[in-house]
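Computed from a predicted structure; not experimentally measured.
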Amino acid sequence: MSLHAQSISTSRQHSKCRHIVATLLAAMLMLGVTFPVAAETQWPEEGWQVMPTQQSYAELLESLREAVPAEGMAVVTEAGPTEAAAQRGETIPGNRVVGVFRNDFAVRALRSSVPAMIEAPVRFYVTEQADGTATLSWKTPTHVFTPYAHEGDETLLEIAEELDAIFMAIAERATQR
């Protein structure tokens with residue numbers, strides 16, 4: 001058999017396989033079989049705040065972006081795989097990490113612990129749930145910065161406690177819609 005004939009034969013086999021898989025998937029969907037779109041969410045119990053909402057992913061993300069400056073902080077980073085996955089033809093639930101900080105906190109933290117600044121900005125995490133609602137979660141600043149507190153005075157923990165209150169205020173504002 002020539003290389004060209006082998007290529008046509010292989011192409012036909014792949015086409016048949018794709019048709020069979022598509023038919024099976026369609027039948028499974030008609031029978032009500034569902035497929036997980038994301039891993040089961042189990043938040044760590046220690047050091048995290050988790051606030052489920054009735055807002056959609058897009059609504060919660062917008063609420064968060066509005067709440068941050070309203071509480072005197074700044075969004076300094078954003079990252080998430082959802083949009084990039086969509087560009088590749090993948091559909092995944094909304095997923096966005098939003099880094100929040102302010103320069104005066106950075107300066108104070110650096111004076112207390114240079115290594116601790118690897119944790120800045122402290123991040124909020126917006127995740128879309130299977131039912132279309134979204135959850136706002138974050139590691140508390142105290143949890144994030146405590147491992148670095150042994151370096152010097154209590155300034156770093158004081159900063160973390162201030163940030164704990166600010167992050168809670170941001171979260172409450174963002175989830176009140």
Side-chain angles (χ1 to χ4, degrees), residues 37-88 90-177:
V37 293
E40 183 67 31
T41 304
Q42 294 185 5
W43 300 103
E45 291 182 23
E46 191 174 319
W48 281 74
Q49 290 285 332
V50 179
M51 296 178 120
T53 74
Q54 292 304 307
Q55 295 178 54
S56 71
Y57 168 75
E59 291 169 337
L60 181 55
L61 189 54
E62 184 61 30
S63 294
L64 178 61
R65 289 176 179 148
E66 292 171 2
V68 170
E71 294 297 332
M73 297 295 281
V75 171
V76 296
T77 61
E78 283 195 45
T82 307
E83 293 79 11
Q87 290 175 354
R88 293 186 6 263
E90 296 276 344
T91 301
I92 60 172
N95 186 292
R96 194 79 163 166
V97 176
V98 179
V100 174
F101 221 62
R102 199 171 69 203
N103 184 259
D104 61 308
F105 283 111
V107 170
R108 288 170 54 206
L110 277 168
R111 289 184 177 142
S112 180
S113 169
V114 171
M117 281 304 295
I118 190 71
E119 306 296 346
V122 179
R123 298 167 308 275
F124 281 103
Y125 193 22
V126 180
T127 52
E128 184 176 28
Q129 307 310 304
D131 66 359
T133 62
T135 298
L136 180 65
S137 57
W138 69 99
K139 288 182 186 179
T140 64
T142 300
H143 182 74
V144 169
F145 289 115
T146 293
Y148 305 93
H150 68 278
E151 281 191 44
D153 58 25
E154 291 158 23
T155 303
L156 192 59
L157 289 180
E158 291 169 5
I159 293 166
E161 289 173 3
E162 287 177 56
L163 288 168
D164 282 346
I166 293 169
F167 270 62
M168 182 57 77
I170 291 169
E172 288 174 350
R173 184 182 294 261
T175 59
Q176 291 307 308
R177 276 192 179 175

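The aromatic rings of W138 and F167 sit tilted relative to each other, their planes meeting at an angle between 30° and 60°.
Closest non-hydrogen pair, M51 versus A171, comes out as SD-CB, 3.5 Å. Summarising the geometry of E71 relative to I166, their closest heavy-atom pair is O-CG2, 4.1 Å, with the distance given to 0.1 Å. Closest of all the heavy-atom pairs between T127 and Y57 is C-CD1, 4.5 Å. In terms of heavy atoms, F145 sits closest to V122 at CE1-CG2, 3.8 Å. What you find for L156 and S113 is that their closest heavy atoms are CD2-CB, 4.0 Å. Of all heavy-atom pairs spanning A134 and L60, the tightest one is CB-CD2, 3.7 Å.
From T140, atom OG1 reaches atom CG of D164 across 5.0 Å, with rounding to the nearest 0.5 Å. Residue Q129 holds its CD atom at 10.5 Å from CD of Q54, rounded to the nearest 0.5 Å. Taking CG of L157 as the reference point, atom CD of E162 lies at 11.5 Å (rounded to 0.5 Å). Interatomic distance, CE of M73 versus CG of N103, reported as 10.5 Å (0.5 Å rounding). A distance of 11.0 Å separates CG in L61 from CD in E59, rounded to the nearest 0.5 Å.
Between E128 and R96 there is no salt bridge, since no side-chain nitrogen of the basic residue lies less than 4.0 Å from a carboxylate oxygen of the acidic one. With respect to E78 and R65, a salt bridge is recorded, a charged nitrogen being found less than 4.0 Å from a carboxylate O.
In this structure, the side chains of V144 and R123 stay at 4.5 Å or more apart for every pair of heavy atoms. Residues P121 and V100 have side chains not in contact (no heavy-atom distance under 4.5 Å, counting atoms from C-beta outward). At a threshold of 4.5 Å between non-hydrogen side-chain atoms, the residues Q55 and S63 count as touching. Taking the side chain as every heavy atom from C-beta outward, F101 and T77 never approach each other to under 4.5 Å. Side-chain contact between S137 and W48: present, with at least one pair of heavy atoms (C-beta onward) separated by less than 4.5 Å.
Checking side-chain atoms of S56 against main-chain N and O of G132 turns up no donor-acceptor pair under 3.5 Å. For Q176 (side chain) and E172 (main-chain N/O), a donor-acceptor pair under 3.5 Å exists by modelled atom type. Using modelled atom types, no side-chain atom of R108 and backbone atom of T155 make a donor-acceptor pair closer than 3.5 Å.
Side-chain atoms of N95 and Y125 include a donor-acceptor pair closer than 3.5 Å.
Annotation: E66, atom CD; neighbour count of heavy atoms from other residues, nucleotides and ligands within 6.0 Å is above 12.
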